[in-house]
Enquirer: 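Before I ask anything, let me first share the structure, which is written out below as structure tokens.
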Amino acid sequence: MSTVGPSYVEGLRARIGTECIFVPGVRAIIVDEEDRVLLQRRSDFDCWGLPAGGVELNETVEQALCREVAEETGLTVEAMEPMALHSGPSQRFRYPNGDEVQGFAISFIVRVWTGRPKADGVEGIELRFFPIDALPEAIVPIHAETLQIFRNYRGGFIVC
């Protein structure tokens, strides 16, 4: 979410309500030195998810990833590797308030970062690192798919 004025999506929502819209986005798979991934327990659902969000107007995907990670985790991304482009009907998602989106997102692996993880208390209420083979059961479905791709990732950009 943008910290300066309403976000692009908020502006659209003011005009069209909860109707399904395309949202270009980013997802961060933040990996620690023990090869665990950082998840946040979301405030809008009772489940876990990746640090993620929409790309704002006049922003690159790299800038969006750095901004979203900083906002949601307090971490600074130092290096990122694009892993996959996620698109299609499997990326459709409805928020508890009824807003519906279909994402068109790039997931990035972030192994080089600085700072200490701290939940923002707005979008996420808890942050925790999990081994990739011991993830919690309750994960945002589109993020569970991203984590499954990461679990099997052997390099090269994937379009799914």
Side-chain angles (χ1 to χ4, degrees), residues 1-12 22-87 91 93 95 99 101 103-136 138-160:
M1 188 166 231
S2 176
T3 57
V4 180
S7 74
Y8 175 67
V9 171
E10 288 169 335
L12 286 175
F22 270 115
V23 176
V26 292
R27 299 175 192 161
I29 303 165
I30 300 170
V31 182
D32 72 2
E33 64 281 348
E34 297 175 39
D35 284 332
R36 300 175 302 171
V37 296
L38 183 66
L39 298 180
Q40 66 176 339
R41 200 172 78 184
R42 297 175 56 102
S43 60
D44 53 358
F45 293 100
D46 186 22
C47 66
W48 294 87
L50 294 165
V55 178
E56 295 293 335
L57 290 174
N58 300 314
E59 186 176 54
T60 68
V61 292
E62 292 92 347
Q63 290 168 332
L65 184 80
C66 292
R67 177 183 50 77
E68 288 291 348
V69 168
E71 288 175 1
E72 296 179 13
T73 71
L75 300 176
T76 300
V77 173
E78 300 292 339
M80 64 190 85
E81 173 189 354
M83 181 186 78
L85 172 65
H86 310 270
S87 64
Q91 302 303 301
F93 189 80
Y95 289 92
D99 288 353
V101 299
F104 190 83
I106 298 178
S107 57
F108 290 87
I109 301 169
V110 178
R111 294 184 187 277
V112 184
W113 47 271
T114 58
R116 185 171 184 196
K118 183 177 186 294
D120 68 0
V122 178
E123 293 184 53
I125 54 177
E126 180 183 357
L127 292 172
R128 190 183 311 167
F129 282 98
F130 292 90
I132 193 66
D133 293 323
L135 298 173
I139 298 179
V140 174
I142 59 176
H143 294 178
E145 176 185 295
T146 300
L147 288 162
Q148 181 62 38
I149 292 167
F150 174 70
R151 179 181 286 118
N152 299 316
Y153 186 68
R154 301 294 176 257
F157 190 71
I158 300 166
V159 177
C160 44

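Numbering of residues begins at 1 and proceeds along the displayed sequence.
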Enquirer: For the residue pair Glu72 and Ala52, what are the closest heavy atoms and their distance?
Expert: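 It is OE2-O, 2.7 Å.
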Enquirer: Measure across Asp120 and Glu123 and return the closest heavy-atom pair with its distance rounded to 0.1 Å.
Expert: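 Taking every non-hydrogen atom into account, OD1-N, 2.9 Å.
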Enquirer: Please determine whether the number of non-hydrogen atoms from other residues, nucleotides or ligands lying under 6.0 Å from atom CZ of Phe45 exceeds 12.
Expert: yes
Enquirer: Which word best sums up how the rings of Phe129 and Trp113 line up, parallel for under 30°, tilted for 30 to 60°, or perpendicular for over 60°?
Expert: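 It falls in the parallel class, under 30°.
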Enquirer: Keeping to residues at least two apart or across chains, list the ring-ring contact (aromatic ring centres under 6.0 Å, His included) pairs with something in residues 51-76.
Expert: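 Qualifying pairs: none.
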Enquirer: Keeping the roles fixed (side chain from Glu68, backbone from Arg27), state whether a donor-acceptor pair exists under 3.5 Å.
Expert: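 Between the backbone of Arg27 and the side chain of Glu68 there is no qualifying donor-acceptor contact (under 3.5 Å).
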Enquirer: Compare every heavy atom of Gly124 with every heavy atom of Ala119, then report the nearest pair and how far apart it is.
Expert: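 Minimum heavy-atom separation between Ala119 and Gly124: CB-O, 3.5 Å.
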Enquirer: Can you list the residues that meet the ring pair (Phe, Tyr, Trp, His ring centres under 6.0 Å) rule with Phe104, with sequence neighbours excluded?
Expert: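 Result, ring pair (Phe, Tyr, Trp, His ring centres under 6.0 Å) vs Phe104: none returned.
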Enquirer: Mind checking what makes ring pair (Phe, Tyr, Trp, His ring centres under 6.0 Å) contact with Tyr95, not counting sequence neighbours?
Expert: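 In terms of ring pair (Phe, Tyr, Trp, His ring centres under 6.0 Å), with neighbours along the sequence ignored, Tyr95 is linked to Phe93.
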Enquirer: What distance do Asp44 atom CG and Ile125 atom CD1 have between them, rounded to the nearest 0.5 Å?
Expert: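 Spacing of CG (Asp44) from CD1 (Ile125) equals 9.5 Å.
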Enquirer: Could you pull out all residues at least two apart from Arg111 that satisfy salt bridge (charged side-chain N to carboxylate O under 4.0 Å, His left out)?
Expert: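 Here the qualifying residues are Asp35.
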Enquirer: When you compare the side chain of Val69 with that of Cys66, does any pair of heavy atoms fall below 4.5 Å?
Expert: no
Enquirer: Under the salt bridge (charged side-chain N to carboxylate O under 4.0 Å, His left out) test, which residues partner Asp46, sequence neighbours left out?
Expert: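 Asp46 satisfies salt bridge (charged side-chain N to carboxylate O under 4.0 Å, His left out) with no residue once adjacent residues are dropped.
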Enquirer: Check step by step if side-chain contact (heavy atoms from CB on, under 4.5 Å) holds for Val101 and Val9.
Expert: CA-CA 10 Å; Val101 299; Val9 171; 5.6 Å; no
Enquirer: Does atom CG (Asn152) have a neighbourhood of more than 12 heavy atoms from anything else shown, all under 6.0 Å?
Expert: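 Yes, the 6.0 Å shell around CG holds more than 12 heavy atoms from other groups.
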Enquirer: Can Gln91 and Glu145 be counted as having a side-chain donor-acceptor contact under 3.5 angstrom?
Expert: yes
Enquirer: Using atom types as modelled, flag every donor-acceptor pair under 3.5 Å from a side chain in residues 74-86 to any protein atom, sequence neighbours excluded.
Expert:
residue: Glu78; atom: OE2; partner: Thr114; partner atom: OG1; Å: 3.2
residue: Glu81; atom: OE2; partner: Tyr153; partner atom: OH; Å: 3.0
residue: His86; atom: NE2; partner: Ser107; partner atom: OG; Å: 2.9

Enquirer: For residues Arg151 and Asp133, report the shortest heavy-atom separation together with the two atoms involved.
Expert: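 Looks like NE-OD1, 3.3 Å.
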Enquirer: Side chains of Lys118 and Arg116: closer than 4.5 Å at any heavy-atom pair?
Expert: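 Lys118 does not reach Arg116 side chain to side chain.
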Enquirer: Once you round to the nearest 0.5 Å, how far does CH2 of Trp48 lie from CZ of Arg41?
Expert: 6.0 Å
Enquirer: In a check of side chain to side chain contact (heavy atoms under 4.5 Å, CB included) between Val110 and each of Thr73, Leu65, Val37, which one passes?
Expert: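 Per the side chain to side chain contact (heavy atoms under 4.5 Å, CB included) rule, the option paired with Val110 is Leu65, out of Thr73, Leu65, Val37.
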Enquirer: Look at the side chain of His143 and the backbone N and O of Leu50, then say whether any donor-acceptor pair between them is shorter than 3.5 Å.
Expert: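 Yes, the answer is positive, given that a donor and an acceptor are paired below the 3.5 Å cut-off.
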Enquirer: Got a second to check how far Ile106's CD1 is from Phe157's CZ, nearest 0.5 Å?
Expert: 5.0 Å
Enquirer: Quick one: closest heavy-atom pair of Ile132 and Leu135, and the distance?
Expert: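 Nearest heavy atoms, Ile132 then Leu135: O-CG, 3.5 Å.
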Enquirer: Any chance you could measure Ile30, atom CD1, to Leu39, atom CG, to the nearest 0.5 Å?
Expert: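 Output value for this atom pair is 9.5 Å.
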Enquirer: Shortest non-hydrogen contact from Pro51 to Leu38?
Expert: CD-O, 3.8 Å
